[in-house]
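Here the structure comes first, spelled out in structure tokens, and everything after it is commentary.
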Amino acid sequence: MQSDDLLVAQLKQGVPAAYITFVERFEASLYRFFFCEHRDHHLAQEQAAETFAQLVRSLPSMRGGAQQLPAYVFATARHVQLRRMRDRQRHYVPLDEAAVINDPGPLPEEAVSEREQVDSVLQAIIQLDETVRNVLLLRFVEDCSIEQIAVALEMPVGTVKSHIHRGRSQLKRLLTKQECKP
Amino acid sequence: MQTMNDGHESELPDDKTLAGDRTLDEAFLRLRRLEPTAYGRNLNRTVITDELQQLAMAEKKPTVPWWRKTIAVPVPVAAALVMIAAVLLFSNFRKEQVYLQGKVATPTQPAQSLPTTRSAGVVARIEKTNKAKAVGYFETETYVCGVGRLKSESGWQIPKENQ
């Protein structure tokens, strides 16, 4: 914990070595956060890089210590996500169609034999509401606490719990439905 | 942040204690295995290095001396300041004019009946101004507690040699 506080202090001072540690710790998390939203591998990597760029500029003025760091990082990621949604005016497709859209680029897990299973999970999770999806990802994939999620997504703790409860049952229903498909 | 529903929602079971969700646990486990490629990792490091360099460059820039710094003032504030300055200048100008013209009225003597010098000579005007400076203004008010103002008197007192 003390080393984490030291890391945050060094990040605020702009120490390059601290940023390398910081990138190693959060790059996979940020990539997953963006990738699960649109399943675009290249875009997810670009958004992760953009988030890091923004964090370099804003971290010196961050309030709090190591405990607030994950929430701060994901709050920044969410702002990048929202900005992209505003800027690019995405063309929305019905969920039925979205479920069968193929990935535009090569997937990093292509070499892994589990690719089909990952695809099926992604197909299910992409059908969830954006907020519910973010809450579930931060809670169960990134192991953030409920309080950290509340700060990162700017919502009350009670709402986070409610989203987790509802999201789990929704996701389970979607996954079961997919398993039943031939 | 608290909402009306917080009381009810906080009673929900802790998400970690919900049992029997092997399907979900497996799904989340698969998502955890997603990793960025080497290209993505390099991109992150490049971006961070560039940003840090830019920040360092910005810190090295020479500071601007105080007389060359600018401040942003909202238009209404600037307009108000200009108006106040204009009013102050105008009132000062008017005072000067009154002194220069020497049209000073006593309580018993109207301004028009004062002797005026129509000379355009500078010397005459200066003399007039010096005389006008000797004039004193007085104001007397009498108040009674609980009643209010009883008497009010004001005017200009002109020394004998000026009359």
Side-chain angles (χ1 to χ4, degrees), chain A residues 14-16 19-20 22-24 26-28 30-32 35-36 41-42 44-46 48-57 60 106-109 112 114 117-118 120-122 124-125 136-137 139-142 146 150 154-162 164-165 168 171-172 175-176 179, chain B residues 1-64 66 69-72 74:
Chain A
V15 178
Y19 275 94
I20 298 300
F22 174 64
V23 170
E24 279 165 6
F26 284 103
E27 65 185 345
L30 286 176
Y31 167 77
R32 284 191 289 263
F35 184 70
C36 290
H41 167 64
H42 292 295
Q45 293 191 143
E46 279 171 19
E50 191 185 333
T51 309
F52 279 121
Q54 204 167 312
L55 282 166
V56 173
R57 290 190 293 266
L107 288 168
E109 75 281 10
V112 185
E114 283 190 346
Q117 290 173 322
V118 174
S120 68
V121 176
L122 286 170
I125 210 162
L136 289 183
L137 285 173
R139 183 71 181 134
F140 298 107
V141 181
E142 307 307 334
I146 290 176
E154 294 169 21
M155 59 175 70
V157 168
T159 311
V160 174
K161 284 184 179 177
S162 164
I164 288 173
H165 193 70
R168 278 179 75 110
L171 185 61
K172 192 172 182 182
L175 288 170
T176 316
E179 279 174 10
Chain B
M1 214 183 319
Q2 289 284 321
T3 63
M4 285 170 64
N5 290 332
D6 267 9
H8 166 70
E9 283 158 350
S10 58
E11 290 166 12
L12 290 170
D14 183 16
D15 51 297
K16 293 280 183 189
T17 62
L18 288 172
D21 279 334
R22 206 166 56 86
T23 322
L24 286 180
D25 292 343
E26 280 174 10
F28 292 131
L29 196 66
R30 279 174 205 142
L31 289 182
R32 270 183 209 178
R33 289 178 193 152
L34 286 172
E35 294 278 341
T37 58
Y39 165 77
R41 291 176 190 277
N42 283 336
L43 184 67
N44 291 337
R45 279 152 187 77
T46 311
V47 163
I48 291 259
T49 312
D50 288 351
E51 285 294 327
L52 285 173
Q53 275 177 356
Q54 278 182 15
L55 280 182
M57 291 273 282
E59 280 174 8
K60 277 181 188 172
K61 274 184 185 171
T63 50
V64 183
W66 67 268
K69 280 183 181 169
T70 55
I71 54 163

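Residue numbers start from 1 in every chain, and the chains themselves are labelled A, B, ... in the order their sequence lines are given, proteins ahead of strands.
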With a 4.5 angstrom heavy-atom cut-off, which part of A:Leu175 approaches chain B: side chain, backbone, both or neither?
->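 Just its side chain gets close to chain B.
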
So, the part of A:Ile125 with a heavy atom under 4.5 Å from chain B: the answer is side chain

Rounded to the nearest 0.5 angstrom, the CD1-CD1 distance for B:Ile48 and A:Ile20 is 7.0 Å

- How long is the gap from CZ on B:Phe28 to CZ on A:Arg168, to the nearest 0.5 Å?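 Reported to 0.5 Å precision, the distance equals 6.5 Å.
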
Would a 4.5 Å heavy-atom cut-off, applied to side chains only, mark [X] and [Y] as touching?
| X | Y | result |
| --- | --- | --- |
| A:Phe35 | B:Leu34 | yes |
| A:Arg32 | B:Glu35 | yes |
| B:Thr37 | A:His41 | yes |

Could you tell me whether the side chain of A:Arg57 and the main chain of B:Glu51 form a donor-acceptor pair under 3.5 Å?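 Here the side-chain-to-backbone pair does not exist.
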
Closest heavy-atom pair, B:Pro36 versus A:Ala28, reported as atoms and distance to 0.1 Å, is CD-CA, 3.8 Å

Show the nearest heavy-atom pair for residues A:Val121 and B:Arg30, with the distance to one decimal.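 Looking at all heavy atoms of both residues, the shortest contact is CG2-NH1, 3.9 Å.
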
Between A:Thr51, A:Val141, A:Leu137, which has the largest tally of heavy atom pairs under 4.5 Å with chain B?
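Of the options given, most contacts go to A:Val141.
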
Most heavy-atom pairs under 4.5 Å with chain A, out of B:Leu43, B:Leu29, B:Asp25, B:Asp50, belong to B:Leu43

Legend entry - Plane angle bin for B:Tyr39 and A:His42 - parallel if under 30°, tilted between 30 and 60°, otherwise perpendicular: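 Answer is perpendicular, since the angle exceeds 60°.
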
Turns out that what part of B:Leu52 lies under 4.5 Å from chain A's heavy atoms comes down to both

- Message: My understanding is that only one of A:Phe52, A:Phe22, A:Phe26, A:Tyr19 makes a side chain to side chain contact (heavy atoms under 4.5 Å, CB included) with B:Asn44; could you say which?
- Response: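 Going through the options one by one, the only one that passes is A:Phe52.
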
